[in-house]
Amino acid sequence: MSKPLIVIADTDENYLEKLEYKFLEMLDERIMLEIISEEAYFNSFFSTPKTAEIVVVDEKLYSRELQKHNIANLFVLTEELAEGNTEELNIARIYKFSGMKEIFNELIYRSKDKLLGDVKEHEETRVIAFYSAIGGSGKTCLGLGLAESLVMQHQKVLYVNTETVQDFAVYLMNQSGMPNEGIRALRENKAHLYKNVRHFIRKEGFFYIPPFSATLDSFNLDYSVFRHIIEGAKESREYDFIIVDVEAGYGSAKMELLQFADKIVMVTLQDAVSLFKTEYILQNIDWQDGERYLFVCNKYQEDAENVFLSSDAPQKLQIKEYIENVNKEIKSIQQISQMNSIQKLAYRFL
């Protein structure tokens, strides 16, 4: 069987080199890669019928003539930061100055089964923290949905909710809280907290720490127990991912959890208040490693104003994923995990 053809065309050779390296790094033996930097050769190459899995073309080279070819996924690289597609709905626009890993993931998302197959490289456990500057953003639903979606991709996932009121139990089949024996285990040697509570971890698709039926204070526990559990779980290498739901608002203990995470999913809404609070909270966060932060707009409504696309929104607050608003009541984690936008979000981490 012939390898899928991927064509990347851009007159900017420096940009091409970076994108070419990413494809060769990730898919070298699995694809045929055609890199085109000259307009004349581009026109000559597509002067005869071509079959390709992915064609990526700079907007200066794009023409509708490309649609006459058998191209499974056609992408146009644009220098303008904009939402949505081109006027032709079957052609996706990609903002070419996004991070190279983000662009690569976007380009191969729809072809992942054909390009990646069942191969899975062994990696260390990765910690993904969900955080928001505002309450009611829906980050708990997103964290649960991502955990289940990753399980559907044959990943082993541990979910840890660190909120004061752990209402995520409403989505579980077993809604009972952490048993008294588990609470006592959390009061023992902090250096081995994960081992102490491992016996009490439950599984409903993904693994999770049972919800606390009351606040930590009422059990004479402090917030650091979560950090010790997460550190121990990561060191054990029993999981591919640990999803951590960090309570909204600012606090030193919460910031410690964010610092420990490999990736931080910042959940916001599209209104002005959400933008203001997100900007405010980010003044207290170390931004030296911006690649760790992924901004997600939840409950997105296409017909409503999106302040993150306004000229006043800082460039660093660029939204990477939009999770559509669900008009019906969410009754199960499976319902969340089956949303296309959640599955796409999960693919960013695979």
Side-chain angles (χ1 to χ4, degrees), residues 1-121 149 152-154 318 320-322 340-350:
M1 181 182 296
S2 61
K3 298 178 181 178
L5 173 65
I6 296 177
V7 181
I8 307 175
D10 194 319
T11 55
D12 184 343
E13 293 186 4
N14 291 329
Y15 184 83
L16 271 181
E17 183 179 355
K18 295 176 183 177
L19 196 52
E20 176 185 13
Y21 175 80
K22 191 65 180 178
F23 271 91
L24 292 177
E25 178 188 30
M26 303 300 294
L27 299 169
D28 188 14
E29 298 298 324
R30 294 175 162 267
I31 61 172
M32 293 187 297
L33 186 61
E34 182 75 30
I35 302 296
I36 303 175
S37 61
E38 297 179 359
E39 185 173 1
Y41 180 69
F42 175 81
N43 293 330
S44 173
F45 182 84
F46 283 105
S47 63
T48 57
K50 291 290 186 293
T51 297
E53 181 63 28
I54 297 174
V55 172
V56 187
V57 56
D58 183 81
E59 59 186 344
K60 299 182 183 68
L61 295 175
Y62 170 74
S63 75
R64 293 192 178 187
E65 292 296 310
L66 286 174
Q67 296 200 56
K68 296 180 180 180
H69 299 271
N70 182 20
I71 301 172
N73 294 290
L74 180 57
F75 298 89
V76 175
L77 293 169
T78 175
E79 296 183 8
E80 294 183 4
L81 183 59
E83 219 183 333
N85 296 329
T86 60
E87 62 277 7
E88 296 122 315
L89 296 180
N90 60 328
I91 302 174
R93 292 170 64 89
I94 300 288
Y95 179 54
K96 68 185 296 182
F97 300 120
S98 301
M100 201 53 65
K101 181 178 179 181
E102 175 192 347
I103 292 174
F104 174 81
N105 287 342
E106 183 74 19
L107 293 176
I108 72 167
Y109 171 69
R110 287 182 283 184
S111 302
K112 61 183 183 298
D113 292 336
K114 184 172 292 187
L115 297 178
L116 300 178
D118 296 325
V119 174
K120 176 181 177 294
E121 297 181 359
S149 189
M152 292 165 61
Q153 295 298 325
H154 312 292
Q318 183 187 145
K320 303 299 185 182
E321 295 291 346
Y322 287 90
N340 289 334
S341 53
I342 296 295
Q343 293 177 4
K344 187 179 178 207
L345 178 63
Y347 179 66
R348 281 184 170 272
F349 303 104
L350 296 174

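When reading the values below, keep in mind they use all heavy atoms of this one structure, side chains included, and skip hydrogens, waters and symmetry mates.
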Just verifying a value: how many Å separate [X] [atom1] and [Y] [atom2], rounded to the nearest 0.5 Å?
X	Y	atom1	atom2	value
Gln343	Leu350	CD	CG	11.0 Å
Leu115	Leu27	CG	CG	5.5 Å
Phe104	Tyr109	CZ	OH	15.0 Å
Asp58	Ile94	CG	CD1	12.5 Å

Inset, instruction - Count the heavy atoms of every other residue, nucleotide or ligand shown that sit under 6.0 Å from CZ of Phe45, and state whether that count exceeds 12. - result: yes
Inset, instruction - Give the C-alpha distance, both sets of side-chain angles, the deciding distance and a yes or no for side chain to side chain contact (heavy atoms under 4.5 Å, CB included) between Ile103 and Val56. - result: CA-CA 11 Å; Ile103 292 174; Val56 187; over 6 Å; no
Closest heavy-atom contact between [X] and [Y]?
X	Y	result
Ser341	Tyr322	CB-O, 3.6 Å
Glu53	Ser111	OE2-OG, 2.6 Å
Glu65	His69	O-CD2, 3.7 Å
Lys3	Arg30	CB-O, 3.8 Å
Leu61	Phe42	O-CE2, 3.5 Å
Ile54	Leu107	CD1-O, 3.4 Å

Legend entry - Ser47 side chain to Ser44 backbone, donor-acceptor under 3.5 Å: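 Here the side-chain-to-backbone pair exists.
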Inset, instruction - Show your working on side chain to side chain contact (heavy atoms under 4.5 Å, CB included) between Tyr41 and Glu34 and close with a plain yes or no. - result: CA-CA 11 Å; Tyr41 180 69; Glu34 182 75 30; 3.0 Å; yes
Legend entry - Verdict with reasoning, Glu59 to Arg93, per side chain to side chain contact (heavy atoms under 4.5 Å, CB included): CA-CA 9 Å; Glu59 59 186 344; Arg93 292 170 64 89; 4.2 Å; yes
Inset, instruction - Please test Tyr347 against Ile108 for side chain to side chain contact (heavy atoms under 4.5 Å, CB included), starting from the C-alpha separation and ending with a verdict. - result: CA-CA 10 Å; Tyr347 179 66; Ile108 72 167; 2.8 Å; yes
Legend entry - Summary of salt bridge (Lys or Arg N to Asp or Glu O under 4.0 Å) pairs that have at least one residue in residues 5-18, sequence neighbours excluded: Asp10-Lys96
Legend entry - Single hit among Val57, Ile36, Leu16 for side chain to side chain contact (heavy atoms under 4.5 Å, CB included) with Ile8: Leu16
Inset, instruction - Could you tell me which residues satisfy salt bridge (Lys or Arg N to Asp or Glu O under 4.0 Å) with Glu321, sequence neighbours excluded, listed by chain and number? - result: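 Partners of Glu321 by the salt bridge (Lys or Arg N to Asp or Glu O under 4.0 Å) criterion, ordered by chain and then number, come out as Lys344, Arg348.
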Legend entry - Any side-chain donor near an acceptor of the partner, Tyr95 and Glu106, under 3.5 Å: no
Inset, instruction - Check ring pair (Phe, Tyr, Trp, His ring centres under 6.0 Å) between Tyr15 and all other residues, then give those that pass, not counting sequence neighbours. - result: none
